[in-house]
Amino acid sequence: MRITVGAIVTDAGNTAQTETGSWRTFRPVVDAKKCTGCGICWIFCPEPAIGEGKPAVVDYKYCKGCGICANECPFKAITMVPEGRG
Amino acid sequence: MIEVRFHGRAGQGAVTAARLLAEAAFLEGKCGQAFPFFGAERRGAPVVAFARIDNKPIRIRTQVYEPNHVVVLDPTLLEVINVAAGLRRGGTLVLNAKKTPEGISGIKVAVIDATGVAIETLGVPITNTAILGALAKATKLVSLNSIIKAVRNYFGDKLAEKNVAAVKAAYERTQLMKLS
Amino acid sequence: MKQILTGNEAAAIAAKLARVKVISAYPITPQTAIVEKLAEFVADGELEAEFMKVESEHSAMSACIGAAAAGARTFTATSSQGLMLMSEMLYIASGLRLPVVMANANRALSSPLNIWCDQQDSMAVRDSGWVQLYCEDNQEILDSILQAYRVAEELLLPVMVCFDGYILSHTAEPVDVPEQGEVDKFLPPYELPHPLDPERPVTMGPVGVPEYYQEIRCMLQEAVRVAEDKIAEIDRAFGRRFGRRYGLIERYRSDDAEVVLLTLGSLSGTARGLIDRYRKRGEKVGLVKLRVFRPFPFGELIDALGHAKAVAVLEKDVSLGSGGALFIDAAAAFIDVARRPLMLNFICGLGGRDVTQLDIREAIRVAGRAAETGVVRRAVRWLGLREKIVGLRPKL
């Protein structure tokens, strides 16, 4: 990190350098049979770490495991599984 | 340095009167300073304003405690305030009044019915410009012309001419007397 | 051209001459006339600027920060409670290194409610990373605001131009208003190095984690500290163009003085005439007027006061529980200096109390006695109290 006048960050988009996937304690697992590809998880993911498509694809490099996608999925197609299991 | 104290009520224009006096002196090549002292700000409350005139820049920033002259814009203030407090020997009290007041003695007094003049020329009882005509006549601190110029600089076209009329009328009608 | 102007009018005209692009302010006595005048300039088409009406001073400063971050020359004005409400955002303006310029018409703080002059408001935010200039007369207000933009933009620091409420804000006196063309030459348009711009995205105000926060603050401290040289340099440049300069401090008949008054703002004017009278009687009394309070000019002050036997610091503020803010810094200046004057502090003129020449004479008398005896019996005193105040326990 560079120390700048006023702590202004001049290299745009540098949050991508922080791989937040390591923060996760639960991982979302998509059930391809139930997923309709409606895209609601893609809209709600705050990171964003879910791509559009059928079935939805989670980017585990950045997914923090917040569980919002599982909560919002109208088809109960996403399950939160503890890391290290399943 | 000459110091003048103005007494009025908020809304009568005492602050503007002090400013116009400073400006008139400035137009004559002197230095002028004018400033108000406000109490709690509300219309009708007694207001004091001060003006200083000198040939060199004025740096002092205190209120005026021993004025060379005192100007009273509202006759009802005489009952409430000792308007002559601290007035220097030889100084003049310029009063807006219909007649010579009682109970004041030993000083020079200039009397003008400034309210009458203001009603006549402006249509409202704002006495600041009229009283300046009286001050110019009584003290010769600044010339009538300089007051008129200052009034024209300060007010917009139409208002300026009405106020100039007030200054001139008051200048003509001011009565000077020494009360013993 | 010279004309009769109040301090507030001089401040508004200065902002107009600086060609400010964004003005955001909330009305408060005794500052209101400044932004009224600027709103008039904008409405009449005399000034091409955005006048942002806001619901509070906090929002006014926020708007100025946003505008400055986009690269616009910005201006605001406030007083007293308004400055207090702004205080959170003051630290953000300096932390982001944005060159906002503000006029502060000094006014007392509540409670009790008081609309009149003292300098408690700006002193309360002296640690906020803003450059603080204090003005003695209306000419200095106008000139300081013009200088403030150069200082702010060259150093990327916000600048607060302080002047005594009513005593200057409402006093009409001659002010030389410079030509627009001359001001344009002194104060060219500026460019913020990293403005908010979608073509060149930047992040302003990120989290400063413990590993980095301290370094960022240290950079800010260094920037404010070394601003001294830049302020002096810009003041000299201003002097060459307009024939008026003020310095970081001004010495008035103080070089051989045994008793020296140290003052801020309009009090200095009242003190001058008095000093002349002492001098006429052959008494070695002088005055040092401090114009730049932040950064505090330690070196110049040591140089100006070091020879004196006693220094009387007169000021319209108090750091409650300690002494006057100016006194604390002035005394600290001599901490490592072997030859130092006795220091006395006189708190005066709070909440609009008139500081008369009689009051200042009392300060000189007390300081003179200290100089003679070499003893300071009480360092912090109050001038002109109506009665003796003993306040150990509340008595209703």
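Chain letters run A, B, ... following the sequence lines, proteins first, then strands; residues in each count from 1. Quick caveat: nothing in here was measured; it's all calculated off a predicted structure.
The two residues C/Thr270 and B/Thr62 have their closest heavy-atom pair at CG2-CG2, 3.4 Å.
A donor-acceptor pair is defined here as one N or O able to donate and one able to accept, closer than 3.5 Å; such a pair exists between the side chain of C/Asp354 and the backbone of B/Gln63. At distances below 3.5 Å, not a single donor-acceptor pair connects side-chain atoms of C/Trp116 with backbone N or O atoms of B/Phe37. Side-chain atoms of B/Arg59 never come within 3.5 Å of backbone atoms of C/Ala271 as a donor-acceptor pair (strictly under, hydrogens ignored).
Salt-bridge check for C/Glu173 with B/Lys30: failed, with every basic side-chain N at 4.0 Å or more from each acidic carboxylate O.
By the neighbour-count criterion of 12 heavy atoms within 6.0 Å, atom CD of C/Gln3 is densely surrounded, having more than that number from other residues, nucleotides or ligands. Around the CD atom of C/Glu179, the shell of radius 6.0 Å holds no more than 12 heavy atoms that belong to other residues, nucleotides or ligands. More than 12 heavy atoms of other residues, nucleotides or ligands shown are found within 6.0 angstrom of CZ on C/Arg281. Atom NZ of B/Lys140 sits in a crowded spot, with more than 12 heavy atoms from other residues, nucleotides or ligands closer than 6.0 Å.
With respect to chain C, the highest number of heavy-atom pairs below 4.5 Å among B/Gly32, B/Pro36, B/Ala34 belongs to B/Ala34. Ranked by heavy-atom pairs shorter than 4.5 Å toward chain B, the options C/Ser268, C/Gly349, C/Pro174 are led by C/Pro174.
Neither the backbone nor the side chain of B/Phe50 comes within less than 4.5 Å of any heavy atom of chain C. In this structure, the portion of C/Leu168 lying under 4.5 Å from any heavy atom of chain B is its side chain and not its backbone.
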Atom pairs and distances, donor-acceptor, side-chain atoms in residues 152-160 of chain B, under 3.5 Å, two or more places apart:
| from | atom 1 | to | atom 2 | distance (Å) |
| --- | --- | --- | --- | --- |
| B/Arg152 | NE | B/Glu161 | OE2 | 2.8 |
| B/Arg152 | NH2 | B/Glu161 | OE1 | 3.1 |
| B/Asn153 | ND2 | B/Glu23 | OE2 | 3.4 |

- Worked check of side-chain contact (heavy atoms from CB on, under 4.5 Å) between B/Phe38 and C/Thr29: CA-CA 12 Å; B/Phe38 290 112; C/Thr29 294; over 6 Å; no
Determine whether C/Asp137 and B/Arg61 satisfy the following criterion, side-chain contact (heavy atoms from CB on, under 4.5 Å), listing intermediate values before the conclusion. CA-CA 9 Å; C/Asp137 56 35; B/Arg61 300 281 169 194; 3.1 Å; yes
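Results of the side-chain contact (heavy atoms from CB on, under 4.5 Å) test with B/Gln33 over C/Ile4, C/Asn138, C/Thr171 single out C/Thr171 as the only residue that passes.
Checked against the 6.0 Å centroid criterion, the rings of C/Tyr166 and B/Phe35 do not qualify as a close aromatic pair.
The CD1 atom of B/Ile60 sits 8.5 Å away from the CG atom of C/Leu274 when rounded to the nearest 0.5 Å.
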